[in-house]
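Reviewing the structure listed below.
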Amino acid sequence: MPALSEAVIRPAARVRGSVRVPGDKSISHRYALLAALAHGRSTIRNYSTGADCASTLACLRALGVQIDTAAGRDGRGPTVRIVGRGLRGLHRPAAALDAGNSGTTMRLLSGVLAAHGFTAVITGDESLRRRPMRRVIEPLTLMGARVDGDGDRPPLTITGADLRPIDYAVPVPSAQVKSAVLLAGLQTPGETTVREAASTRDHTELAVRVFGGRLTAAGGGITVSGGAPLAAAELEVPGDVSSSTFWAVTAAALPGSDVELTDLGLNPTRTALFDVLERAGAIVERAIESEAGAEPRGRIRVRHGSLRPLTIGEEDVPALIDELPALAAMATHGGEIHVTGAAELRVKESDRISALAAGLRALGAEITELPDGFHVRGRRPLTGGTAHAAHDHRLAMAFAVAALGASGPSLITGADAVAVSYPGFFETLAALTGADG
Ligand code: S3P
């Protein structure tokens, strides 16, 4: 599909229909990395179509991993076959590894490379090169790797080693940091433990076990017994609940809406959004239908009910971190949201507090920026206007959701950023709003 750098969004009364979103981004990264460290050939079906997960595959190929991709069946994402090289079996890359826009690629791959006896450089695009990396540099250095950044920032130069296991309390709740340490620990004889004050998504833990790794979770600590070989696996990635968020909040926002999201990953560490929508007054039906790779999956139906004010505090943030821009967009449709304890948003693909505020304001919304959050007071309709996605996929999608409630058309610039996680976003938007003819 050609890059879409500008998208025109026309007001819409409601959204209706059934959607299968692309495969989960977080899970796709993890399956690919673990498959590369396993013995034998793994098959991953419905791999994410997002550019971020393609970056992980490109990095793995540059590290000597044989990877084949084939189109998926029935509109599903591609099937990826990966021939694993075993623990610490990757090859020294000929050039710097490019993680593109993907923080997950950079941070998780750092953990993988920390245990390999060569030097590699991981870099990324302009947005990624602004993101903090001290959080992975610190634990991987404690384990014995040498990791140098440009100060706190990428590119990272990693010289791996025979690591020592550590017991590490992650200072900021982060699934990426937790995963980097677990992936390093998996390749290190002995027991590596990661402790987190607030639970974050547990896809790495579930996936390590699926590949035959030894991992236990108890009392806030997650311990991996490293050094034992992993076995190839047959896997299917469920739909990305964070991509489905945009349709769920739109259905909750617009009266008369009724959206069904099918084949969705329903891991409880990812579904806090639906509880929040219920708190706001939306009608949410959920059905877990199966489990694959220990990841529950099923369907969710969201209908508009009311749009009561929401307050989100620090304790809610780790489980909702990727959903906050979408919730802000929902609030512009006559709701209200007050978010605090979310300073992490400032170091995502963009400064997701100031760029969110700038974009929503450009569409006519009333939003106050806070040091660690924001406050939106929704007064319908918005005027509409031009919002800049700031190289951030989730902002491009959030602005589109807000723009549906404007009195005239809006323009989103940098709209091609959606390809990072959801290449078909605008086509699905047109189908759900009935704007596709
Ligand atoms: C992710 C973890 C989260 C999230 C990101 C994906 C992951 O980041 O925001 O989109 O796949 O582990 P942090 O771990 O930095 O909070």
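Ligands are counted one by one from 1 in listed order, and the atoms in each one are counted from 1 as well.
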Are any of the N or O atoms of Glu349 closer than 3.5 Å to those of ligand 1? no
Would Ala175 count as being in polar contact with ligand 1, using the rule that some N or O on each side must be under 3.5 angstrom apart? yes
Applying side-chain hydrogen bond (donor to acceptor under 3.5 Å, both in side chains), run through Thr262 and Arg20 and close with a yes or a no. CA-CA 5 Å; Thr262 61; Arg20 189 162 67 206; 5.3 Å; no
Taking atom 1 (C) of ligand 1 as the reference point, the nearest protein heavy atom with its distance: Gln176 NE2, 3.5 Å
Residue, atom name and distance, where the atom is the protein heavy atom closest to atom 11 (O) of ligand 1: Ser26 OG, 2.7 Å
Give a yes-or-no answer on whether the side chains of Glu323 and Thr245 include a donor-acceptor pair shorter than 3.5 Å. yes
With atoms numbered from 1 as shown, which atoms in ligand 1 lie under 4.0 angstrom from a non-hydrogen atom of Thr104? 6 (C), 7 (C), 11 (O)
Assess whether atom CZ of Arg146 is packed by more than 12 heavy atoms of other residues, nucleotides or ligands within 6.0 Å. no
Count the heavy atoms of every other residue, nucleotide or ligand shown that sit under 6.0 Å from CD of Glu336, and state whether that count exceeds 12. yes
Passing option when Val136 is tested against Val181, Leu156, Val147 for side-chain contact (heavy atoms from CB on, under 4.5 Å): Leu156
Reference residue Val339; test side-chain contact (heavy atoms from CB on, under 4.5 Å); the match among Asp316, Leu320, Leu327, Leu324: Leu324
At under 4.0 Å between heavy atoms, is it the side chain or the backbone of Arg30 that contacts ligand 1, or both, or neither? side chain
At under 4.0 Å between heavy atoms, what of Arg201 touches ligand 1? The answer is side chain
Applying a strict 4.0 Å limit to heavy atoms, is Lys348 in contact with ligand 1? yes
Going by heavy-atom distance to atom 4 (C) of ligand 1, choose the closest among Asp322, Val170, Leu108. Asp322
Where the side chain of Arg299 meets the backbone of Asp263, is there a donor-acceptor pair that is under 3.5 Å apart? no
